[in-house]
Amino acid sequence: MDKVYNHKDVEDKHYKTWEEKGYFKPEIHPDGKPYCIILPPPNANGDLHFGHAMFTVEDILIRYHRMKGDSTLWLPGTDHAGIETQFVYEKKLQSEGKSRFDYTQEQLYQMIWEFVSESGGKIENQLRKLGFSLDWSREKFTLDPDIQKLVYQTFKQMHDDKLVYRAYKLVNYCTKDGTSFSDLEVTHEERNSPLYYIKYGPLVLATTRPETKFGDTGVAVHPEDARYKQYVGKDIEIETVLGKATIRVVADEAVDPEFGTGVVKVTPAHDFNDFEIGKRHDLLMKQVIGFDGKLNEHAGKFAGLYVKQARSAIIEEMHAKGLIEKIDEGYINRVGLCYKCKTVLEPLPLEQWFVKVESLKNEAVKAVKEGKIRIHPKSFETQYFQWLENLRDWNISRQIVWGMRIPAWRCRDCSEPKAQSAKRKTTSQNSKAINNEPIEQFSNNSEWIVTEGEKPEKCPVCSSTKLEQDSDTFDTWFSSGQWPYVTLQTAKPGDFEKFYPTAVLETAYDILRAWVSRMAMLGIYRTGEVPFKDVLFHGIVNDPLGKKMSKSKGNVINPLELIEQYGADAVRFALIYGNATGNDQSLSYPKLDAARKFTNKLWNMARFLEMKRVSSIEYQVLSIEELKKTAKNTTDREWVDKVEQLVKEITRYIDDYQFNLAAERLYEFIWHEFADKYIEDVKNRMDDNSYLILTTLYVILIKLLHPFMPFVTEEIYQKMPGHGESIMIEPWPTQ
RNA sequence: GGAUCCUUAGCUCAGUUGGUUAGAGCGUUGCAUUCACAUUGCAAAGGUCGGAAGUUCGAGUCUUCUAGGAUCCACCA
């Protein structure tokens with residue numbers, strides 16, 4: 001044996017052997033108790049980062065259960081990551097002087113498909129570098145046809161159950177990326193937005209958005225506000241930059257009498273609150289901003305201007321007409337931004353598919369309250385409940401091409417679109433802006449023909465064959481929210497029946513809402529059972545200074561480089577050691593170094609045993625019970641007891657998801673007790689019997705360590721006398 | 001506005017049913033050794049566990065209040 005453990009020589013070699021021998025498959029223990037974890041699918045087009053490296057937790061559980069003899073499945077897969085990937089691809093197009101508008105939806109989809117395929121297998125190979133014992137023969141991709149089919153079935157079923165509906169609501173719309181976003185995808189930022197006090201006939205109101213004035217269909221005051229009682233319910237005449245107009249005054253609880261003058265303009269087409277106020281008072285809806293971010297024909301001479309330009313132009317005009325009473329220049333508010341491109345999002349009225357969440361979320365909440373799903377650490381339960389309980393209906397339509405096309409068709413001959421869609425290519429030309437139409441939330445599902453993916457032959461009403469598919473795609477989370485059962489349904493026959501519900505869902509806590517809660521909702525809906533029994537959260541890995549790693553800050557550390565430098569075992573161990581479940585951590589080079597030295601220590605312990613090996617004794621594999629009987633020396637006997645105790649401790653720690661404690665205890669025991677005390681003691685009195693005890697105990701220790709440090713333990717195991725085929729299929733130590 | 005987490009040795013962090021002298025890694029100091037260990041071993045210094053009050057025979061651990069830091073959610077016309 002070399003003097004120093006060299007991870008570079010062993011890691012790829014062992015991984016290859018493990019995979020080739022089929023050790024990662026549950027069939028290794030066909031009759032064992034089923035134990036299954038579904039890997040949170042990384043972006044198919046992405047690169048390995050520390051979020052993925054934290055999946056070490058899952059590999060520990062998987063390797064532990066496999067050694068315990070369970071029929072263990074860790075199922076890998078990748079996600080098409082709709083907006084994320086399309087965004088990356090559009091940047092690529094941009095660098096080539098092209099844009100998405102140069103292609104049809106089908107062309108673009110095909111191009112992105114090829115783009116993603118080209119990087120094919122990259123992330124998978126990076127996960128292999130970490131030693132993850134994933135069953136690659138069952139790997140899935142969210143856009144696999146069989147997966148899509150199941151997702152379509154869910155949509156169809158929800159449609160039949162009246163849980164999805166088509167509605168005309170305000171959405172968060174990015175005029176640059178040309179798509180709407182769910183509430184979760186909106187980021188907020190404080191901005192300085194001057195607050196303009198504008199004269200509205202006899203009233204004065206404060207607004208930060210004077211350019212939406214043309215869409216005003218009402219003015220609201222608080223019902224108890226004595227100052228304005230005389231106006232409530234009346235139409236008042238106002239002077240505007242486009243001439244005289246009349247407008248209705250309504251009283252609504254949503255108005256804060258303390259803010260500004262206590263008077264609010266109501267623009268139902270461009271503000272979420274105003275939309276609600278408008279609904280309550282039957283105000284009309286008038287759209288003045290188009291999906292291109294420009295004012296439309298209702299803005300008169302300001303038509304064609306972008307929102308920002310229009311705002312200053314209108315203010316100038318108002319000044320000239322004496323319509324501005326004062327301006328609070330220092331006013332700061334929070335505006336919603338596109339989380340991808342930071343464009344200010346416009347609330348725009350759009351017809352979209354929504355999921356009715358009421359019954360779904362109640363079931364998801366119930367599952368946790370009744371203990372069918374247990375969340376660890378428990379403190380995250382609060383977040384889960386809070387988010388679900390306040391959840392509004394979920395907009396699942398996205399105006400992007402990289403995703404599953406929504407399987408809904410509309411007849412061009414007999415159905416009249418109530419509102420225009422944001423057309424991808426020619427937004428401004430096609431937009432017939434809404435003008436003074438009543439706000440109504442209609443769910444005329446009858447107009448739409450929903451299928452399980454196949455194109456319907458003809459319109460069931462007029463038999464026309466001119467059917468047009470909804471050009472939108474599903475929100476990525478609508479498909480990934482179904483991941484546990486769609487993967488098991490399609491991986492291998494019988495998997496679903498055997499492994500569902502899965503044992504553990506382990507992931508970073510930051511996607512609790514977006515992903516975990518949705519899997520709970522959709523999983524229970526579709527299968528009648530929870531998708532996982534335990535939810536386990538890990539924290540975020542920050543840079544060594546405690547700052548969040550981000551590309552823009554330039555402080556991203558590539559885990560592959562650390563694996564190269566320290567070895568996968570050391571990287572894994574450093575992430576687990578000294579970090580309580582669910583807590584964030586800062587990457588620590590001293591800790592990585594300590595972990596690497598630990599692999600070297602293990603190596604040299606093995607080397608010592610090899611040097612002291614007595615060739616005359618026939619090595620046998622003994623259980624702890626047998627060792628107790630075999631040990632002749634009292635001290636040796638004591639160490640058998642200590643190791644027996646350790647086995648119990650480590651087993652309990654893993655069962656309780658206290659991986660840090662298991663790792664710390666192993667480190668402490670192996671190095672500072674077993675090596676420093678026992679080996680030092682036995683060194684000078686070594687005989688055949690002591691050697692047998694020492695070696696056997698050492699093999700037990702590296703088995704306990706194997707889930708944490710798979711490579712070095714395998715390499716050492718292969719050098720031990722009387723070793724089996726592989727440490728990873730050895731039984732977990734017991735008495 | 002609401003919620004959660006963190007505050008323990010110089011630094012980074014463990015410490016999950018409250019129980020004997022509060023632990024690790026790195027760093028610091030001294031000694032030993034190159035005898036399995038690109039080193040390792042032995043030993044030492046270093047903490048009133050953010051602050052205050054309370055519950056208890058007993059609190060780093062539970063309760064309340066409070067200071068500072070981080071994150072998330074809601075969202076302001």
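Computed from a prediction, not measured in an experiment: that's the story for all the values here. First the proteins, then the strands, lettered A, B, ... as listed; each starts at 1.
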**Student:** What distance, rounded to whole Å, do you find between the two P atoms, one in B:G10 and one in B:C42?
**Tutor:** 24 Å

**Student:** If we take the C1' atom in both B:U64 and B:A59, what is their distance in whole Å?
**Tutor:**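 Looking at atom C1' only, B:U64 and B:A59 are 15 Å apart.
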
**Student:** Ignoring hydrogens and geometry beyond distance, is a side-chain donor-acceptor pair present between A:Asp475 and A:Trp394 at under 3.5 Å?
**Tutor:**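 The answer is yes; a qualifying pair exists.
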
**Student:** What interatomic distance, in whole Å, is found between C1' of B:C73 and the corresponding atom of B:U8?
**Tutor:**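 Nearest-Å result for B:U8 against B:C73 at atom C1': 30 Å.
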
**Student:** Checking all strands, does A:Leu661 fall into the base, sugar-phosphate, or nothing category for heavy-atom contacts under 4.0 angstrom?
**Tutor:**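 Result for A:Leu661 = sugar-phosphate.
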
**Student:** For A:Arg665, report the nucleic acid contact type (base, sugar-phosphate, nothing); a contact means any heavy atom under 4.0 Å.
**Tutor:** nothing

**Student:** Report yes or no: is the cationic atom of A:Lys169 (NZ for Lys, CZ for Arg) under 6.0 Å from the centre of the six-membered ring of A:Phe354, at an angle within 45° of the ring normal?
**Tutor:**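 Verdict for A:Phe354: a cation-pi partner in A:Lys169.
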
**Student:** Classify A:Tyr331 by what it touches in the nucleic acid, base, sugar-phosphate, or nothing, heavy-atom distance under 4.0 Å.
**Tutor:** sugar-phosphate

**Student:** When you look for runs of 3 or more Watson-Crick or G-U pairs in a row, both distances below 3.5 Å, which of them include RNA chain B?
**Tutor:** B:1-7 with B:67-73, B:10-13 with B:23-26, B:28-32 with B:40-44, B:50-54 with B:62-66

**Student:** Under the 3.5 Å rule, do the base of B:C37 and the side chain of A:Lys3 count as making a donor-acceptor pair?
**Tutor:** no

**Student:** Hey, is the side chain of A:Asn604 poking within less than 4.0 Å of OP1 or OP2 on B:U40, counting only N and O atoms?
**Tutor:** no

**Student:** Would you call the rings of A:Phe380 and A:Tyr509 parallel, tilted or perpendicular, where under 30° means parallel and over 60° means perpendicular?
**Tutor:** parallel

**Student:** Base, sugar-phosphate, or nothing: which does A:Ser588 touch, judged by heavy atoms less than 4.0 Å apart?
**Tutor:** nothing

**Student:** Determine the contact category for A:Val255: base if any of its heavy atoms lies under 4.0 Å from a base atom, sugar-phosphate if only primed atoms, P, OP1 or OP2 are that close, otherwise nothing.
**Tutor:** base

**Student:** Would you indicate what A:His672 reaches in the nucleic acid, counting non-hydrogen atoms under 4.0 angstrom: base, sugar-phosphate, or nothing?
**Tutor:** sugar-phosphate

**Student:** Using the side-chain contact (heavy atoms from CB on, under 4.5 Å) definition, which of the options A:Asp676, A:Leu602, A:Ile702 pairs with A:Ile670?
**Tutor:** A:Leu602

**Student:** Do the side-chain N or O atoms of A:Asn684 get closer than 4.0 angstrom to the phosphate oxygens (OP1, OP2) of B:C35?
**Tutor:** no

**Student:** Between B:G27 and B:G60, how many Å separate the two P atoms, rounded to a whole number?
**Tutor:** 31 Å

**Student:** Look at the rings of A:Phe674 and A:Trp639 and say which category their plane angle falls in: under 30° parallel, 30 to 60° tilted, over 60° perpendicular.
**Tutor:** perpendicular

**Student:** Look at A:Arg513 and B:A74 and indicate whether a side-chain polar atom (N or O) is within less than 4.0 Å of OP1 or OP2.
**Tutor:** no

**Student:** By the 4.0 Å heavy-atom rule, please label A:Lys612 as base, sugar-phosphate, or nothing.
**Tutor:**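 Nothing, no nucleic acid heavy atom in range.
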
**Student:** What distance, rounded to whole Å, do you find between the two C1' atoms, one in B:A22 and one in B:A14?
**Tutor:**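 B:A22 and B:A14 have their C1' atoms separated by 11 Å.
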
**Student:** Given the P atoms of B:G18 and B:C62, what is the spacing between them in whole Å?
**Tutor:**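 To the nearest whole Å, 9 Å.
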
**Student:** Any side-chain N or O of A:Asn660 under 4.0 Å from OP1/OP2 of B:G15?
**Tutor:**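 Checking A:Asn660 against B:G15: at least one side-chain N or O falls below 4.0 Å of OP1 or OP2.
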
**Student:** Contact class for A:Met605 (heavy atom, under 4.0 Å): base, sugar-phosphate, or nothing?
**Tutor:** base

**Student:** Assess, by modelled atom type and distance only, whether the side chains of A:Thr695 and A:Lys612 contain a donor and an acceptor separated by less than 3.5 Å.
**Tutor:**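 Note: A:Thr695 and A:Lys612 side chains miss the donor-acceptor criterion.
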
**Student:** Please work out if A:Tyr577 contacts a base, only the sugar-phosphate, or nothing of the nucleic acid, heavy-atom cut-off 4.0 Å.
**Tutor:** sugar-phosphate

**Student:** Looking at A:Arg392, does any N or O in its side chain come under 4.0 Å of the phosphate oxygens OP1/OP2 on B:C73?
**Tutor:**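 For B:C73, neither OP1 nor OP2 has a side-chain N or O of A:Arg392 closer than 4.0 Å.
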
**Student:** Using the P atom as the point on both nucleotides, what is the distance between B:U7 and B:U16, in whole Å?
**Tutor:**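 Nearest-Å result for B:U16 against B:U7 at atom P: 12 Å.
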
**Student:** Return the orientation label for the A:Trp477 and A:Trp515 ring planes: parallel under 30°, perpendicular over 60°, tilted otherwise.
**Tutor:**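 Correct class here is tilted.
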
**Student:** Pick the closest RNA chain B nucleotide for A:Gly260 and for A:Val4 by heavy atoms, then say which residue is nearer the 5' end.
**Tutor:**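 It is A:Val4, whose closest nucleotide lies nearer the 5' terminus.
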
**Student:** By nearest heavy atom, map A:Glu680 and A:Ala206 onto RNA chain B; which one lands nearer the 5' end?
**Tutor:**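 That would be A:Glu680.
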
**Student:** Categorize A:Arg652 for me: base, sugar-phosphate, or nothing, with a 4.0 angstrom heavy-atom threshold over every strand shown.
**Tutor:** nothing

**Student:** With a non-hydrogen cut-off below 4.0 angstrom, is A:Tyr667 in contact with a base, only sugar-phosphate, or nothing?
**Tutor:** sugar-phosphate

**Student:** Taking all heavy atoms of A:Thr261 and all of A:Leu205, pick out the closest pair and write down the distance.
**Tutor:**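 Of all heavy-atom pairs spanning A:Thr261 and A:Leu205, the closest is OG1-CA, 3.4 Å.
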
**Student:** Heavy atoms under 4.0 Å, any strand shown: does A:Gln658 hit a base, just sugar-phosphate, or nothing?
**Tutor:**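 Counting heavy atoms under 4.0 Å across all strands, the contact made by A:Gln658 includes a base.
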
**Student:** Distance check, C1' atoms only: B:C6 and B:G15, in whole angstrom units.
**Tutor:** 15 Å

**Student:** Is the ring pair A:Tyr667/A:His672 parallel, tilted or perpendicular, if the boundaries are 30 and 60 degrees?
**Tutor:**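 Rings of A:Tyr667 and A:His672: perpendicular, over 60°.
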
**Student:** Between the base of B:C75 and the side chain of A:Arg334, is there a donor-acceptor distance below 3.5 Å?
**Tutor:** yes

**Student:** Applying a 4.0 Å non-hydrogen cut-off, can you work out what A:Asp256 is touching in the nucleic acid: base, sugar-phosphate, or nothing?
**Tutor:** base

